[in-house]
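Every value quoted in this text rests on a predicted model; they were computed, and no experiment measured them.
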Number of protein chains: 2
Amino acid sequence: MFNNSDKSYPIELVAEFLGVNSRTLYYYEKFKLVCPTRRGRKRYYSRLDINWLEYVRELMYEQGMNLRSIIVLIKRRDNVILTKCPDDVVDSYKNYLMRLRED
Amino acid sequence: MFNNSDKSYPIELVAEFLGVNSRTLYYYEKFKLVCPTRRGRKRYYSRLDINWLEYVRELMYEQGMNLRSIIVLIKRRDNVILTKCPDDVVDSYKNYLMRLRED
DNA sequence: AATCATTTTTCACTTAAAGTGAGAAAGTAA
DNA sequence: TTACTTTCTCACTTTAAGTGAAAAATGATT
């Protein structure tokens, strides 16, 4: 699943994969935690987006952080939350930061 | 205020200084965010304790983190939250970690 | 030891964040 | 225009953070 790195996925599929409600993904977007590309009105999530979200969920549900704190850490650019995570998540995070800077 | 580093202060004074309810300090203690020394039943907070609590409050109210996330970061020993704070807070943090290891 | 004063603890309440359900609105395609 | 799908909005639920009030516990005083 999600092998082709150029491919992108619609919200329902991503929500199912992450085990969250699609409303939750809209909610995260409101806080700029993720910025899916849009073709027409539809949202499409890249593999990096999904990696990143997966890591955010882990921080929240396995480690116990909350949304706001993760956003704070991102804004501080501490890279704190990334010191103990696999390389592909670091890639996802950098990708996320790049997207943030775009607007 | 709180100049003598050997001195320690009762909970009401500390609460007033930090602008919190003393119940809040008991609450933090429940999560081992601070471990005041006790003489008899009374709690006494050192200057380092107070520094540390002041920084925790700043993380919460100026930066927007929540209690649980701060506790997570402490447990991870990331020193993340300390990369952008004054030396005396680092001292307070190290002091706090030492205290934690005592029990 | 009995009383008093103070600190601590417990219970229950308030407020706000995180998340979600239902349905309205809006866009797309036939 | 109609049917379908995605997005958006409103309102609700649940849980963390914090606090008030009062009970319980403890140390001090007589």
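Between B:Tyr61 and D:dG18 there is a side-chain N or O to OP1 or OP2 distance below 4.0 Å. Residue B:Asn66 places no side-chain N or O under 4.0 Å from the OP1 or OP2 atom of D:dA16. Between C:dT9 and B:Arg43, a contact under 4.0 Å exists linking OP1 or OP2 to a side-chain N or O. Applying the 4.0 Å criterion to OP1 and OP2 of C:dG19, one finds that A:Tyr28 has a side-chain N or O inside that range.
For the residue pair B:Asn21 / B:Thr24, no side-chain donor-acceptor distance below 3.5 Å is found, with atom types taken as modelled.
Summarising the geometry, the separation between CG on B:Leu25 and P on C:dT7 is reported as 14 Å, rounded to the nearest angstrom. Rounded to whole Å, the distance from CD on A:Glu29 to P on D:dC8 is 7 Å. Whole-Å rounding puts the A:Leu33 CG to C:dA18 C1' distance at 12 Å. Whole-Å rounding puts the B:Phe31 CZ to D:dG18 P distance at 9 Å. Whole-Å rounding puts the B:Met65 CE to D:dA17 P distance at 13 Å. Between A:Leu18 atom CG and C:dA18 atom P there is a gap of 17 Å when expressed in whole angstrom units. Between the CE atom of B:Met60 and the P atom of C:dT15 there is a distance of 18 Å, given to the nearest Å. When the C1' atom of C:dT6 is taken as reference, atom CD of B:Glu12 falls 10 Å away, rounded to whole Å.
The shortest heavy-atom contact between B:Asp49 and B:Tyr44 is OD2-O, 4.2 Å.
Between B:Tyr27 and B:Asn21, the one whose closest nucleotide on DNA chain D sits nearer the 5' end is B:Tyr27. Nucleotides of DNA chain C nearest to B:Arg23 and B:Pro10 differ in position, and the one nearer the 5' end is that of B:Pro10.
For B:Arg57, taking side-chain heavy atoms from C-beta onward, the closest of the listed nucleotides D:dG18, D:dA21, C:dG21 is D:dG18. Comparing D:dA16, D:dT6, C:dT8 by their closest approach to the side chain of B:Arg68 singles out D:dA16.
Counting heavy atoms from C-beta outward, A:Asn66 and B:Arg68 have side chains that stay 4.5 Å or more apart.
Results of the side-chain contact (heavy atoms from CB on, under 4.5 Å) test with B:Arg43 over B:Val34, B:Leu25, B:Ile11 single out B:Ile11 as the only residue that passes.
Judged by atom type and distance alone, B:Arg41 reaches the base of C:dT6 through a side-chain donor-acceptor pair under 3.5 Å.
Taking the six-membered ring where tryptophan is involved, the planes of A:Trp52 and A:Tyr55 are tilted, since the angle between them lies from 30° to 60°.
Residue A:Arg38 is classed as a sugar-phosphate contact, given heavy-atom separations below 4.0 Å to backbone atoms only.
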